[in-house]
Amino acid sequence: MATPPDSRYDWRVVDIGTEVTRAETRTLLTEQAEYGRWELVRSQTFIGGARRVWLRRRVMNVRRSNAA
């Protein structure tokens, strides 16, 4: 997914195969949210059981406060 340069969010699309259980998926997404500060925006389940999820996190633009 292409993001504009002035976007306020970073985006990540995660494809999860059919061999990954629901519990493993939940653990994966919980770790992403906890340690990477990602939040779940959308999820999609395909015929056959494959899943795709969209995650986003706010971009932190830090500006230098002194002119050193």
Side-chain angles (χ1 to χ4, degrees):
M1 177 181 295
T3 58
D6 61 343
S7 176
R8 294 178 7 188
Y9 293 99
D10 283 335
W11 291 88
R12 176 181 287 177
V13 179
V14 180
D15 290 323
I16 302 167
T18 57
E19 69 280 351
V20 180
T21 65
R22 208 168 160 185
E24 292 170 337
T25 301
R26 182 176 53 243
T27 302
L28 169 78
L29 295 176
T30 301
E31 288 175 359
Q32 293 293 316
E34 221 174 292
Y35 301 115
R37 293 183 292 144
W38 292 96
E39 62 182 27
L40 178 65
V41 177
R42 180 178 178 206
S43 65
Q44 184 177 18
T45 304
F46 296 102
I47 296 173
R51 294 179 289 271
R52 178 174 287 162
V53 295
W54 284 262
L55 305 171
R56 73 176 182 185
R57 67 178 170 188
R58 188 174 295 277
V59 174
M60 302 299 256
N61 293 326
V62 180
R63 294 193 179 143
R64 194 173 187 151
S65 60
N66 59 3

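Remember, predicted model here, so these are calculated numbers, not experimental data.
- The structure places CZ of R51 at 11.0 Å from CG of D15, a figure rounded to the nearest 0.5 Å.
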For residues 26-35, which side-chain N or O atoms pair as donor and acceptor with protein atoms under 3.5 Å away, sequence neighbours left out?
unit_1: T27; atom_1: OG1; unit_2: A23; atom_2: O; d: 3.0
unit_1: T30; atom_1: OG1; unit_2: R26; atom_2: O; d: 2.7
unit_1: Q32; atom_1: OE1; unit_2: R12; atom_2: NH1; d: 2.6

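- At least one donor-acceptor pair closer than 3.5 Å links the side chain of R57 to the backbone N or O of G36.
- Linking ILVMFWY residues whenever their side-chain heavy atoms come closer than 4.5 Å, directly or via other members, leaves L55 and V13 in distinct clusters.
- Sequence neighbours left out, the pairs with a member in residues 38-49 that pass side chain to side chain donor-acceptor pair (under 3.5 Å) are E39-R56.
- Taking every heavy atom of both residues into account, E24 and E19 meet most closely at OE1-O, 4.2 Å.
- Criterion: ILVMFWY side-chain heavy atoms under 4.5 Å apart, direct or through other members. Under it, V20 and L40 are part of a common hydrophobic cluster.
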